[in-house]
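Every chain is numbered from 1 and lettered A, B, ... according to where its sequence line falls, protein lines coming before strand lines.
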Amino acid sequence: MRFSKFLCPTLREDPSEAETASHRLMLRGGMIRQVASGIYTLLPLGLRVIRKVETIVREEMSRAGAQEVFMPAVLPAELWKESGRWDVMGKELLRIKDRNEREFCFGPTHEEIITDLVRREIRSYRDLPRNFFQIQTKFRDEVRPRFGLMRCREFTMKDAYSFDINEEGAKASYDQMYEAYHRIFSRCGLRFSVVDADSGNIGGSQSQEFMVLADSGEDEIIRCPGCGYSANSEKADGVISKIPEAKMPNQMEKRETPGKSTVSDVASFLEVPEGRLIKTLIYKTDTMYLAVLLPGDREVNEIKLKSALQAQHLGLASAQEIQELTGGPLGFSGPVGLKIEKGKIERILVDGLIEKDESYVVGANEKDVHLVGVVAGKDFSMQEVLDLHRTREGDQCVKCQAVLQSDRGIEVGHIFRLGTKYSEIMQATFSDPKGELKPSIMGCYGIGIGRTAAAAIEQNHDARGVIFPPSLAPFDVAVIPVQVTNEDLKREGERLYALLADSGLDVLLDDREESAGAKFKDLDLMGIPGKITVGKKGLAQGKVEVKMRWQEESQFIDPSELVDWVRSIPQAWDTRSSKVA
RNA sequence: CGGGGCGUAGCUCAGCUUGGUAGAGCGCUACGUUCGGGACGUAGAGGUCGCUGGUUCAAAUCCAGUCGCCCCGACCA
């Protein structure tokens, strides 16, 4: 490719909208342009990177025995209604109507569609197991798209679906995908870890996420240095050894707390550690109101709460609702005297960190009043005790008691054991050897293609720009004649370009009439691993000047070694000493 | 959905408070001089000041509405 013909509008300055490294560098490097919030055009350079990721994914999926299909992007509502997710998905699902007012959606994922295909086409245990995958455009109307390709509304996803005759088979299919994902992300040059995850509205019994470690990641990973346990903090379990000490009366007493409605205000006003407060959160689901009690210094894990309640929607009650339900204003709710009544608060859930017979501070359900010396289990009921808090760094591992640590991660892949959630409801059955009809055991497996590329940039860049892992780089090497007006340099550049291209390498020839400095800046920004500088220095001594993106100094090699040098770049990447952050 | 910010040339932004013929740097075009880490000179092109309405003799500027984009939050009891 000749740079002079290549659409790669690099930007000298940082675009104002970009915060994270990958977003900023993909815009500056001329890889993407935004069309609408969370919707992007991939420019030639960016597309090349995406294609590299896709190629790796395709190779590893076939190697793992999956076969490629291509399902539609626009999906009829009926299938979604059949699975029940038409109502569950909410506003994230982009709903559209055709000219006959028939309902469709733009596919956010394809369980329903593949299950529909399989129930029509696969009838016997002899046809199983099977695994189908596709690389397709999805649309999810995200609450808040951000960070360029990291959280888009429209994005490219590889999704795979396995169908097995029994649990052992399903487990084997899952393990196979686990291995394939390991190979894929390793080949993409990423440092990642696999964590236990919540399966969200996809459903199923077990799921794990592949997390690329990066400070800009939107997910928190909880990791145990003792036993190696690691999980998304949404899913992680942890314990604390003991609750904080506090001076507290033995009997329940009222205390005036004028205007102190937050945990930190009340705690400092009453001189009690936040862990000795109980916050009482009033939630509402599709069917009822409920109270959730947890230590003041803790946060509710709404994912756990939602699954404990088996609720489809979950949200906090409004200030007005709280006043009506508890008799007191927001900020002063408490469990003492809280009545359980049909149509009002129907359940009181107590987090497992609240200890029976210990005394706490709670709201009095009365403006500007809190209660101190409230004994858990005596002054209020602890009938429903559940694990509802969000685990955090510093808690102890439930398995080995080591102190848990936390990292930030970008979720690039997610694998699920679905069981029969979809096959049962949609009747995707097969005949077993006895002739009985059974639902297939399913698994599903996703990879965010664009997000993987973005994550690679998050992990591999420096002040000058991207440093693509060679496996994802848009070009293997760039040839830069420092002066194209100099006929000798121009001719030599053309010669090397032809030589390398003829060897099957992806080469970019920077034949633009730019200054050498401008070309170097652009090439560094674009992150191409190999750089061949064609200048008088090398020409004079009959050598070729070469440098890898992550190296500081050029070296001069014999022209006969050039092709081998370019081919050696991937190995050099793997063994490079100065890994970049 | 709540809070905040922004919308002026391809990009980054100034001008708006105090209304009076639209600005800078970078980029782009032409010519010349340069030429190993974003060169210089000269001459040029390029803008319905997001959109709609209002106030006014006069609106980028004041007012109202609207659309779009970004950020923070959505864990607050």
Side-chain angles (χ1 to χ4, degrees), chain A residues 9-20 23-24 27-28 30 33-39 90-91 143-148 220 233-234 257 260-267 274 277-283 291-305 314-319 321-323 325-326 328-335 338 351 361-367 370 388-390 392 463-465 480-486 489-490 510 512-525 531 533-540 545 547 552 554:
Chain A
T10 55
L11 304 174
R12 187 179 288 233
E13 284 160 289
D14 283 338
S16 55
E17 74 261 27
E19 296 286 313
T20 55
H23 190 193
R24 188 164 43 82
L27 284 167
R28 277 196 61 196
R33 286 294 182 264
Q34 186 177 44
V35 174
S37 178
I39 299 176
K91 296 182 93 167
V143 195
R144 189 171 159 208
R146 58 180 140 183
F147 304 152
E220 186 187 16
S233 67
E234 291 174 347
T257 51
K260 311 292 181 193
S261 65
T262 66
V263 167
S264 61
D265 284 353
V266 175
E274 293 189 5
L277 266 62
I278 290 178
K279 53 182 176 189
T280 304
L281 301 162
I282 310 298
Y283 275 93
V292 172
L293 271 50
L294 78 165
D297 61 342
R298 287 288 166 162
E299 291 168 353
V300 172
N301 183 334
E302 291 192 349
I303 307 268
K304 284 184 186 172
L305 178 59
L314 180 71
L316 287 159
S318 68
E321 288 170 313
I322 288 169
Q323 182 74 46
L325 293 163
T326 68
L330 184 151
F332 296 93
S333 301
L338 205 59
D351 180 63
V361 175
V362 304
N365 296 323
E366 187 181 333
K367 185 168 164 50
H370 277 79
L388 298 171
H389 61 276
R390 187 159 189 152
R392 65 186 178 203
R464 294 200 294 254
I480 308 174
V482 294
Q483 235 190 82
V484 289
T485 48
N486 178 317
L489 297 183
K490 185 180 177 184
D510 196 346
R512 298 175 300 167
E513 288 191 29
E514 287 286 343
S515 71
K519 292 182 180 183
F520 293 151
K521 293 281 185 196
D522 275 344
L523 265 297
D524 285 345
L525 189 57
K531 180 171 89 170
T533 307
V534 181
K536 288 176 188 159
K537 289 181 199 167
L539 214 54
E545 179 178 351
K547 187 175 99 60
E552 283 305 314
S554 296

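- Lys531(A) forms a cation-pi arrangement with Phe520(A), by the criterion of a distance under 6.0 Å to the ring centre and an angle within 45° of the ring axis.
- With distances taken from any side-chain atom of Ala516(A) to the nucleotides C69(B), G36(B), C71(B), the minimum falls on G36(B).
- Side-chain atoms of Glu302(A) lie closest to C75(B) of the nucleotides C11(B), C28(B), C75(B).
- Heavy atoms of Ile322(A) sit under 4.0 angstrom from at least one base atom.
- Here C1(B) sits opposite G73(B) as a Watson-Crick or G-U wobble pair (both hydrogen-bonding atom distances under 3.5 Å).
- Comparing Ile278(A) and Glu545(A) against RNA chain B, the residue whose closest nucleotide sits nearer the 5' end is Glu545(A).
- G37(B) and C51(B): their P atoms are spaced 44 Å apart (whole Å).
- Among the nucleotides G36(B), G38(B), C71(B), the one closest to the side chain of Arg28(A) is G38(B).
- Contact detail for Thr280(A) and Ala291(A): the closest heavy-atom pair is CG2-CB, 4.2 Å.
- As rounded to the nearest Å, C75(B) and G5(B) have P atoms that lie 23 Å from one another.
- The backbone N or O of Leu525(A) sits nowhere less than 3.5 Å from a side-chain atom of Arg28(A) that would complete a donor-acceptor pair.
- Within 4.0 Å of Ala317(A), counting heavy atoms only, lies at least one base atom of the nucleic acid.
- Distance Leu539(A) CG to G36(B) P: 15 Å, rounded to the nearest Å.
- Note on Val263(A): only backbone sugar-phosphate atoms sit closer than 4.0 angstrom, heavy atoms only; bases stay farther off.
- The side chain of Ser37(A) contributes an N or O atom lying less than 4.0 Å from OP1 or OP2 of C70(B).
- In this structure, Pro9(A) reaches neither bases nor backbone, as no heavy-atom distance under 4.0 Å exists between it and the strands shown.
- Taking the charged nitrogens against the carboxylate oxygens, Asp524(A) and Arg464(A) do have a contact shorter than 4.0 Å, which makes a salt bridge.
- When the C1' atom of C75(B) is taken as reference, atom CG of Asn301(A) falls 10 Å away, rounded to whole Å.
- At a threshold of 4.0 angstrom between heavy atoms, the contacts of Gly535(A) include nucleobase atoms, whether or not backbone atoms are also involved.
- Gln483(A) has its CD atom 16 Å from the C1' atom of G38(B), to the nearest Å.
- Taking every heavy atom of both residues into account, Thr533(A) and Val482(A) meet most closely at CG2-CG1, 3.6 Å.
- For Lys304(A) and Asp351(A), the salt-bridge test fails: no basic side-chain N is under 4.0 Å from an acidic carboxylate O.
- Distances from the side chain of Lys547(A) to the nucleotides G37(B), A77(B), C71(B) place G37(B) closest.
- When the P atom is used for both C31(B) and C71(B), the distance is 43 Å, rounded to whole Å.
- The gap from the C1' atom of G25(B) to that of C62(B) amounts to 30 Å, rounded to the nearest Å.
- Of the two residues contacting RNA chain B, namely Thr280(A) and Ala18(A), the nearest-nucleotide position lying further toward the 5' end is that of Ala18(A).
- Between the C1' atoms of U21(B) and U48(B), the separation comes to 16 Å (whole Å).
- The distance from atom NZ of Lys537(A) to atom C1' of G37(B) is 10 Å, rounded to the nearest whole Å.
- At a threshold of 4.0 angstrom between heavy atoms, the contacts of Lys536(A) include nucleobase atoms, whether or not backbone atoms are also involved.
- When atom types are taken as modelled, the side chain of Lys490(A) and the backbone of Thr485(A) share no donor-acceptor pair closer than 3.5 angstrom.
- At least one donor-acceptor pair under 3.5 Å links the side chain of Lys519(A) to the backbone N or O of Asp510(A).
- With hydrogens and angles left out, the side chain of Lys531(A) and the base of G36(B) share no donor-acceptor pair within 3.5 Å.
- Checking G37(B), C69(B), A77(B) against every side-chain atom of Arg464(A), the shortest atom distance belongs to G37(B).
- Going from atom CD of Glu274(A) over to atom C1' of C75(B) covers 13 Å, rounded to whole Å.
- Between the P atom of G27(B) and the CD atom of Glu514(A) lies a distance of 9 Å, rounded to the nearest Å.
- Residue contacts for Asp524(A): at a heavy-atom cut-off of 4.0 Å it reaches a base atom on one of the strands shown.
- Within the 4.0 angstrom heavy-atom criterion, no nucleotide atom of any strand lies near Arg298(A).
- Comparing G38(B), A77(B), C69(B) against the side chain of Arg12(A) picks out G38(B) as the nearest.
- Searching all strands for a Watson-Crick or G-U wobble partner of A43(B) with both distances below 3.5 Å returns U29(B).
- Across all strands shown, C62(B) pairs with G54(B); the Watson-Crick or G-U wobble distances both stay below 3.5 Å.
- To the nearest whole angstrom, the two P atoms, one in G10(B) and one in A45(B), are 16 Å apart.
- Counting only heavy atoms from C-beta on, Glu17(A) has its side chain closest to U12(B) among C75(B), C35(B), U12(B).
- Checking G38(B), G36(B), A77(B) against every side-chain atom of Val482(A), the shortest atom distance belongs to G36(B).
- Between the side chains of Arg392(A) and Ser233(A), no donor-acceptor pair of N or O atoms lies under 3.5 Å.
- Of the candidate nucleotides A77(B), C70(B), G38(B), G38(B) has the atom lying nearest to any side-chain atom of Lys521(A).
- Between Leu27(A) atom CG and U12(B) atom P the separation is 9 Å, expressed in whole Å.
- Contacts of Thr533(A) with the nucleic acid, taken as non-hydrogen atoms under 4.0 Å apart, include base atoms.
- Only the C1' atoms considered, G20(B) is 11 Å distant from U61(B), to the nearest whole Å.
- Atom pair His23(A):NE2 and C71(B):C1' shows a separation of 12 Å (rounding to whole Å applied).
- Comparing the C1' positions of G73(B) and G38(B) gives a spacing of 39 Å, expressed to the nearest Å.
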